[in-house]
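Have a look at the structure below, then the notes.
Keep in mind it's a predicted model, so treat the numbers as computed, not measured. Naming: A, B, ... by sequence-line order, numbering from 1 per chain.
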There are 2 protein chains.
Amino acid sequence: MEKELELADNARAVCAKLNCAEGVSGIRDALYVLSGKWKFPLIFALSQGPMRFKDIQRSLGDITPKVLTKELRELELNEFVVRNVFPTSPVTVTYELMPYSLTLDKVLLELKDWGIQHRQRLVSNRRGN
Amino acid sequence: MEKELELADNARAVCAKLNCAEGVSGIRDALYVLSGKWKFPLIFALSQGPMRFKDIQRSLGDITPKVLTKELRELELNEFVVRNVFPTSPVTVTYELMPYSLTLDKVLLELKDWGIQHRQRLVSNRRGN
DNA sequence: GATACTGGTATCCTTTGGGATAGTAGTATC
DNA sequence: GATACTACTATCCCAAAGGATACCAGTATC
């Protein structure tokens, strides 16, 4: 007896044809370096220009300094961000995107637009009910 | 004495002008429903067509059934996915994207492409050193 | 009768993500 | 002299994420 549904069969076929596995692992590779609550917002905030620690903290809203430090270190390791120290007194520190981060601009743009639209949808749904 | 660097000042100005806060919260709103290791890969896999539970598990690689169930339930709640039960015996279950998921296609595409490029970069860096 | 497949549950456990709070040295400001 | 700002670090703690393993009924296959 044929238990398979044409639907699922079809999906498998299409998936194989489009190299679905490559797509899934592409996405997983991206998320591997960009996972968590803060990396995308952080890179987005810095995409407007270099910023100081406290300013970043303010633009992100409610991130604690410990977590911000950790996130910045990780982004440094992956060459998304540079830390600049200026010999003022007391020292001034800025964080700045490296060129590689710019390759993320489309992703960030799409994600931002989607998020804005999503919030609007939620609001109108709540009104609608 | 002026301790502010023009850099940081500039960033703040630009950020205010571009409504940086809106961008950051847009991204945070998006991540609120799409966070975690599996949501993006899962939606991407289903974007090829409806699939059965075990098939999804296989395409995602190493997700455990418990986690997959949880992720699918969450995506159902947020109207990204429908669960279809067919009265075969034993039952056949497929999961299918709802129209709202299609609004994510650009995000998924950009993320996938970035991930693939990122992996290639890592590979050539390793070779280069 | 043994094995395998489906669509899951149940239980346990570890890891991490991330928040709260406090504190630091060095300045500047009132 | 008290307070405030900067750029953090340190410590503690909790909840959630997610993995490992086992198991289930129902059916088909060998």
Side-chain angles (χ1 to χ4, degrees), chain A residues 1-5 7-9 11-12 28 31-42 45-46 50-78 81-96, chain B residues 1-5 7-9 11-12 28 31-42 45-46 50-78 81-96:
Chain A
M1 183 197 196
E2 256 319 276
K3 289 194 308 175
E4 310 292 356
L5 299 176
L7 285 171
D9 265 351
R12 262 200 299 271
R28 294 194 58 188
L31 293 180
Y32 186 76
V33 274
L34 294 169
S35 61
K37 190 173 172 179
W38 297 112
K39 300 237 172 42
F40 278 118
L42 184 43
L46 286 175
M51 277 181 144
R52 301 171 60 176
F53 191 86
K54 286 282 179 178
D55 289 332
I56 299 173
Q57 221 186 323
R58 275 187 280 265
S59 4
L60 293 187
D62 50 0
I63 192 172
T64 62
K66 175 190 124 184
V67 174
L68 180 52
T69 303
K70 200 200 81 197
E71 298 289 315
L72 286 168
R73 296 284 171 274
E74 289 177 25
L75 291 179
E76 269 189 273
L77 283 179
N78 287 302
V81 161
V82 221
R83 186 179 122 113
N84 305 305
V85 182
F86 297 94
T88 53
S89 84
V91 288
T92 306
V93 180
T94 63
Y95 293 89
E96 189 180 357
Chain B
M1 182 196 196
E2 258 317 277
K3 292 193 312 176
E4 309 292 357
L5 298 177
L7 284 171
D9 265 352
R12 261 200 298 274
R28 295 193 56 188
L31 292 180
Y32 186 76
V33 274
L34 295 169
S35 61
K37 188 173 172 179
W38 297 110
K39 299 236 174 42
F40 279 118
L42 184 43
L46 286 175
M51 275 181 144
R52 302 171 61 174
F53 191 87
K54 287 282 179 179
D55 289 332
I56 299 172
Q57 220 185 323
R58 275 186 281 266
S59 4
L60 294 188
D62 50 0
I63 192 171
T64 61
K66 175 189 121 184
V67 174
L68 180 53
T69 302
K70 199 201 81 198
E71 298 289 314
L72 286 168
R73 296 285 172 273
E74 289 177 24
L75 292 179
E76 267 189 274
L77 284 179
N78 288 303
V81 161
V82 220
R83 185 179 122 114
N84 304 305
V85 182
F86 297 94
T88 52
S89 83
V91 287
T92 305
V93 180
T94 63
Y95 291 90
E96 189 181 357

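- Which of C:dG19, C:dT27, D:dG19 sits closest to the side chain of A:Pro90 comes down to C:dT27.
- Each of B:Gln57 and B:Lys66 has a nearest nucleotide on DNA chain C; the 5'-most of these lies closest to B:Gln57.
- Proximity of B:Val93 to B:Phe53: side-chain heavy atoms (C-beta onward) are nowhere separated by under 4.5 Å.
- The 5' end of DNA chain C is approached more closely, in terms of each residue's nearest nucleotide, by A:Ser35 than by the other of A:Pro65 and A:Ser35.
- Checked against C:dA20, C:dG8, C:dT6, the side chain of B:Val93 finds its nearest nucleotide in C:dG8.
- The nearest whole Å value for the distance from the CD1 atom in A:Ile63 to the C1' atom in D:dA7 is 14 Å.
- The side chain of A:Arg58 places no N or O atom within less than 4.0 Å of a non-bridging phosphate oxygen (OP1 or OP2) of D:dA7.
- Atom CG of A:Leu72 is separated from atom C1' of D:dT9 by 14 Å (rounded to the nearest Å).
- When side chains are defined from C-beta on, A:Pro41 does not count as touching A:Ile63, because their heavy atoms never get closer than 4.5 Å.
- Put simply, the side chain of A:Asp55 reaches to within 4.5 Å of the side chain of A:Arg58, judged on heavy atoms.
- The NZ-P distance, from B:Lys70 to D:dA16, rounds to 11 Å in whole Å.
- Taking the side chain as every heavy atom from C-beta outward, A:Leu72 and A:Arg83 never approach each other to under 4.5 Å.
- The separation between B:Leu68 atom CG and D:dA17 atom P is 15 Å, rounded to whole Å.
- Nearest nucleotide to the B:Glu71 side chain, out of D:dG18, D:dA7, D:dG26: D:dG18.
- Distances shown here put a side-chain N or O of B:Arg73 below 4.0 Å from the OP1 or OP2 atom of C:dT9.
- Nearest to the side chain of A:Phe53, among D:dC8, D:dT27, C:dT6, sits D:dC8.
- Within the 4.0 Å cut-off from OP1 or OP2 of D:dG19, at least one side-chain nitrogen or oxygen of B:Trp38 is found.
- Using a 4.0 Å cut-off, some side-chain N or O of A:Thr69 falls inside it from OP1 or OP2 of D:dT9.
- Following rounding to the nearest Å, A:Asp55 (CG) and D:dC8 (C1') show an atom-to-atom distance of 15 Å.
- The side-chain heavy atoms of A:Trp38 and A:Leu68, taken from C-beta on, include no pair separated by under 4.5 Å.
- Phosphate contact (OP1/OP2 of C:dG19, side-chain N/O of A:Lys37, threshold under 4.0 Å): present.
- When the P atom of C:dT6 is taken as reference, atom CZ of B:Arg83 falls 16 Å away, rounded to whole Å.
- Between A:Arg52 and D:dC8 there is no side-chain polar atom (N or O) within less than 4.0 angstrom of OP1 or OP2.
- The interatomic distance linking B:Lys39 (NZ) with D:dA16 (C1') rounds to 11 Å, in whole Å.
- Between the CZ atom of B:Phe86 and the C1' atom of D:dG26 there is a distance of 19 Å, given to the nearest Å.
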